[in-house]
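First comes the structure, then the notes that go with it.
Residue numbers start from 1 in every chain, and the chains themselves are labelled A, B, ... in the order their sequence lines are given, proteins ahead of strands.
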Amino acid sequence: MTTKRLVLVDGNSIAFRAFFAMHNVLDKFKTPEGLHTNAIYAFNSMLNLILNKANPTDMLVAFDAGKVTFRTKMYPQYKGDRPTTPDEFREQLPYIKELLTARGIKSYELANYEADDIIGTMATQAKQQGYEVVIVTGDHDLTQLADDRVTVALTVKGVSDLEFYTPESFKEEMDITPRQLIDLKGLMGDTSDHYPGVSKVGKITALKLLHQYGSIENLYANLGEMKPSRLKDHLIEDKDMAFLCKQLAEINCQAPVTIQLNELHYDGDQREQLIAFYRKLNFRSFLNQMDVPLDPHPAEARAKVDYQPLTVTALKELVQKQQPLSVVIEMLGADYHTEPIIGVAVGNEETILVADHDDILLDDFTKQWLADEQAVKYVFDLKCDLVTLNRYGILFKGATFDALLASYLVDVNDNTNDLGLIAQSYGYSNLLPDMEVYGKGAHVAVPPTERLQEHLANKVAALNYLQKSLPEALKKHDQDQLFDEIELPLSHVLAQMEIDGVKVDTNVLRTMQNDLSGRLAALEAAIYEKAGQKFNINSSKQLSEILFDKMGLKPLKKTKTGYSTSMEVLEKLRDQAPIVDDILNYRQVAKIQSTYVLGLLKAIAPDCRVHTRYLQTLTQTGRLSSVDPNLQNIPARDEGRDIRKAFVPQQAGWQLFSSDYSQIELRVLAHLSGDDNMQQAFREDYDIHAHTAMKIFNLHSVDEVTPNMRRKAKATNFGIVYGISDYGLAKNIGISRKEAAEFINSYFDQYPKVEEYMNEMVKKAREDGYVETIMHRRRYLPDIHARSFPVRSFAERTAMNTPIQGSAADIIKIAMINMEQQLKEQHLQARMLLQVHDELIFEAPQEEIEILAQLVPKVMDSAVTLDVPLKVESAAGRTWFEAKG
DNA sequence: CCGTTCACG
DNA sequence: ACGTACGTGAACGGA
């Protein structure tokens, strides 16, 4: 007989995490009666994951019974200062228990005990009976139960995945045994459970003590021998507290549970009950997984999408009805500059036409219709369609709705770019995700014609559906203007930039390649000689063996997998061994060669240009990103900067021209915060870093500012934009944390409204669940409620940074649209080629450069009106290298 | 397919 | 005390 596997789930912990994992869709997950269902939904997804990954024969979900437990009797403050759970969460708990019943899973709670204790008790009983046990929770405390028969699975990334802890993996991560976790918490306390441990003892000190003494008992037994110190005083003073906290941290494995192991058999769903439950809560996608319609009456169940062959005649007839039509141009891969089209579909609510080829795009009527601005179309990924149709000589016009762009704006967090998944999240569950139809990874292939056509017809139907629901969502977020006047027009601008491409001179790159490969060989030989052996210098693992094991250098930093050999570390080891210098040089040269010289050569199209793709629906802040190749990270400093000499205009007698915003993020901050001092600095066009230095170093004039002061002030300004912490600033400019904290204090003294702004953003994120930019670009921050300090802190910094970075992104996007308009109106030959976040690069005939030098800065600095002026700096030259100010 | 490293703003 | 700066993409090595 196979071993029994008991899965024990910490119900409250998983439910709570489920609630916040889908906090951003709180409004969308609501029954007509007003019951929120997001936590129930996410909890059920988690159940699917657990059942799938842990494959239980027996299962129990344990819940906390109430606030009063044996622990609060021992220590009244236990879990004392927890904020009350939101009503939207509490109302869902009874339904989660109902869901469990329908899924054939027992749930249980016990007065005076926490879910942890039920789990500990059942786990202990079960392993004595020879079960394997898996505990599922979001709470690290339960890892204390891990042993050879008990695995603890912790939720990661909300509730989307599980990480399994065995005693070995626990030991690897914490370097103590699971049981020692109790001692650890006894010493360091637990802020979220609100017990203190020993004063001034944190994780680092506590771990050190445990490595030395093993347990709290043994520590105190040997305390006499410890040298006198602050630490010792605290240990003596807080002895009772240490023992009490250890007791609080220890899970009770002898709780008086009234449930028996043999009641926990898991036998699968109670199908009828579960269907009724899903229907009650409108869980369409779960029903779909069971192949059951939302509507119980088959006659009214969803109709199969009907479609006809897409022919010119059929299209003409359809178009003459003069209705908006959804258009789908399908291809398998992402690179729409070259990827072949595998099908085309067009349609509205009544008629859908589908073809499994691109013949229709060769027809004149079709071309005319696609180019007709008056003929309204709905699409998914407009920029893709624009570039693809351009290959057929078609200037695609009339698209007023792009479902991909719209869903991105509504929630940038949800970074799926699959029409099926997006449609599903808006309640249309008829369309399969592309992956299920086309396969994934190496197995991507065109399916049989009928399946393909059905899929495309479904895409048209999904687009029709989304066109009705997404605009409402945009409106609700006050994002109409962002969509209609920024993102949609920007798609056209970006498409043109991608189509035009930028010319790269292969001769420049080949010459560099010759030089670099020679130097690389020399460095390689020098490194092997100094190491006394050959090895793969590109392997950080092998390199760390050479440096730290063989040569005995001191490792300064750890990574997940070993010792770090990053530049930061190597710079510090530079003086200790000559090999380190060679390695740093090797790394720099190898990077230039492989990523830039060879990488760029590979990306050059037959027209001698590189055509990047700007991803318009990816970043969390509203910036663009650039891929295949990435033209937004071409080296700008040091030796790598020479790469820019290969970027040249497409015609003789032309030049490259570049304009960039000066200090745009700080200017945006000055505007957003309304800080008078900072605004004045920009109005007077002071050197902002020197000005900041003067203020925070308490000087009377900028003349007293030394270069070093300016450097530190500059780093502080950066830190502020990133959502400052003393720790991060200290690390960055090499000062003590205390000094950094003083810096920040005097910074906030000088720019008081900046501090107010930072606090306000965090508060807004907590209250509204999101922050937004000047153009109402929105980012949800569910982690702002996280219990874990690092996770929560990250969300807080994001809350401070996103409106700044995102507003700057809004501004340059507006400038790009206006600029393209100006080039057209003024009949200039100049073309906009690249955008690098705060910089625009053009090419133009020599005689237009003077015009650009006037026009571009004017358009860029008037893109929006802020409370401070925007400043733009420009340069021109025969290559990108020369066109850099 | 993930982790490390390093390029950009 | 707890450990991090914000946002990206590509190459490479090693499971």
Side-chain angles (χ1 to χ4, degrees), chain A residues 187-192 196-207 234 412 440-441 536-544 557 559-570 584 587-588 590-596 598-600 602-603 612-615 618-638 640-641 643-644 660-661 664-665 715-716 718-733 737 740 779 788-794 796-806 808-809 812 834-839:
Chain A
L187 290 170
M188 68 183 271
D190 184 323
T191 34
S192 64
V198 178
S199 305
K200 304 288 174 198
V201 172
K203 191 170 173 184
I204 292 171
T205 317
L207 280 173
H234 288 305
V412 294
K440 66 170 171 177
N536 189 343
I537 310 171
N538 287 322
S539 160
S540 37
K541 187 166 173 257
Q542 293 181 34
L543 179 61
S544 103
K557 200 175 142 204
T559 64
K560 276 188 201 169
T561 52
Y563 295 129
S564 171
T565 65
S566 68
M567 217 162 63
E568 189 196 338
V569 172
L570 295 187
L584 281 166
R587 283 249 177 97
Q588 193 188 13
K591 174 85 178 180
I592 296 170
Q593 168 169 302
S594 70
T595 305
Y596 296 106
L598 298 176
L600 218 46
K602 267 183 255 165
T612 185
R613 276 157 37 230
Y614 289 104
L615 304 189
L618 180 133
T619 70
Q620 303 286 302
T621 55
R623 275 189 174 183
L624 301 174
S625 88
S626 158
V627 293
D628 294 337
N630 180 357
L631 296 181
Q632 290 182 320
N633 73 344
I634 301 299
R637 297 178 272 268
D638 303 328
R641 201 178 161 188
I643 292 287
R644 295 189 174 213
D660 67 280
Y661 283 113
I664 187 163
E665 292 193 342
T716 312
F718 269 94
I720 291 285
V721 169
Y722 294 155
I724 196 126
S725 76
D726 50 7
Y727 184 92
L729 181 64
K731 209 174 93 171
N732 195 287
I733 55 178
R737 218 170 102 183
R779 183 176 185 178
S788 141
F789 175 85
V791 174
R792 190 176 61 248
S793 306
F794 186 63
E796 288 171 359
R797 291 195 297 274
T798 311
M800 303 180 215
N801 172 265
T802 295
I804 302 173
Q805 190 181 119
I812 196 166
L834 299 170
Q835 187 251 45
V836 193
H837 310 308
D838 63 356
E839 181 187 9

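Of all the heavy atoms in A:Y563 and A:S544, the pair that sits closest is O-CB, 4.1 Å.
In this structure, the separation between CD1 on A:I592 and CG on A:L600 is 13.0 Å, given to the nearest 0.5 Å. Atom NZ of A:K200 and atom OG1 of A:T205 lie 11.0 Å apart (nearest 0.5 Å). Summarising the geometry, atom CG belonging to A:L834 is positioned 5.5 Å from atom CG belonging to A:L631; distances are rounded to the nearest 0.5 Å. In this structure, A:D660 CG and A:H837 NE2 are separated by 13.0 Å, a value rounded to the nearest 0.5 Å.
A donor-acceptor distance shorter than 3.5 angstrom exists from the side chain of A:N630 to the backbone of A:Q632, with no hydrogens or angles considered. When atom types are taken as modelled, the side chain of A:T621 and the backbone of A:T802 share no donor-acceptor pair closer than 3.5 angstrom.
At the heavy-atom level, A:Q620 lies under 4.0 Å from the strands shown only through sugar-phosphate atoms. Within the 4.0 angstrom heavy-atom criterion, only backbone atoms of the sugar-phosphate kind lie near A:N801; the bases stay farther away. If you check every strand for non-hydrogen atoms under 4.0 Å, A:K203 touches sugar and phosphate atoms only. At a threshold of 4.0 angstrom between heavy atoms, the contacts of A:S793 with the nucleic acid are absent. At a threshold of 4.0 angstrom between heavy atoms, the contacts of A:T798 are confined to the sugar-phosphate backbone, with no base atom among them. Across all strands shown, A:M188 has no heavy atoms under 4.0 Å from either base or sugar-phosphate atoms. No engagement by A:E665 is indicated, since no non-hydrogen atom pair under 4.0 Å with the nucleic acid exists. Within 4.0 Å of A:L729, counting heavy atoms only, lies at least one base atom of the nucleic acid. Nucleic acid contact class of A:L618 (heavy atoms, under 4.0 Å, all strands): sugar-phosphate only. Note on A:S199: nothing from the nucleic acid sits closer than 4.0 angstrom, heavy atoms only. Residue A:V721 is out of contact with every strand shown, counting any heavy-atom pair closer than 4.0 Å. Within the 4.0 angstrom heavy-atom criterion, only backbone atoms of the sugar-phosphate kind lie near A:D838; the bases stay farther away. When heavy atoms are screened at a 4.0 angstrom cut-off, A:S788 is found touching no nucleic acid atom at all. Looking at heavy-atom distances under 4.0 Å, A:R792 makes no contact with the nucleic acid at all.
Nucleotide C:dC12: paired with B:dG3 (Watson-Crick or G-U wobble, both distances less than 3.5 Å).
Atom pair A:K541:NZ and B:dT4:P shows a separation of 13 Å (rounding to whole Å applied). Between the P atom of B:dT4 and the NZ atom of A:K591 lies a distance of 16 Å, rounded to the nearest Å. Spacing between atom CD of A:Q632 and atom C1' of B:dA7 amounts to 12 Å, rounded to whole angstrom units. Computed from coordinates, the A:Y563 OH to B:dG3 C1' distance equals 18 Å when rounded to whole Å. What separates CD1 of A:I643 from P of B:dA7 is a distance of 12 Å, to the nearest Å. Computed from coordinates, the A:L834 CG to B:dG9 P distance equals 13 Å when rounded to whole Å. When the P atom of B:dT4 is taken as reference, atom NZ of A:K557 falls 10 Å away, rounded to whole Å. Nucleotide B:dT4 holds its P atom 17 Å from the CG atom of A:N536, rounded to whole Å.
By the 4.5 Å heavy-atom criterion applied to side chains, A:T619 and A:Q805 are not counted as neighbours.
Regarding contacts with the backbone of B:dA7, every side-chain N or O of A:R637 stays at 4.0 angstrom or more from both OP1 and OP2. An OP1 or OP2 oxygen of B:dC6 is reached within less than 4.0 angstrom by a side-chain nitrogen or oxygen of A:R587.
Comparing the same atom, C1', in B:dC6 and in C:dA1 gives a spacing of 33 Å after rounding to whole Å. The same atom, P, is picked in C:dT4 and in B:dT5; the two are 15 Å apart, to the nearest Å. Rounded to whole Å, the C1' atom of B:dC8 lies 26 Å from the corresponding atom of C:dG3.
More than 12 non-hydrogen atoms from other residues, nucleotides or ligands lie less than 6.0 angstrom from OH of A:Y614.
Of all nucleotides in DNA chain C having an atom under 4.0 Å from a heavy atom of chain A, the first and last in 5' to 3' order are C:dA1 to C:dG14.
Distances were taken from every side-chain heavy atom of A:S540 (C-beta onward) to each of B:dC8, B:dT5, B:dA7; the shortest belongs to B:dT5.
Both A:K200 and A:T716 lie near DNA chain C, and the one whose nearest nucleotide falls closer to the 5' end is A:K200.
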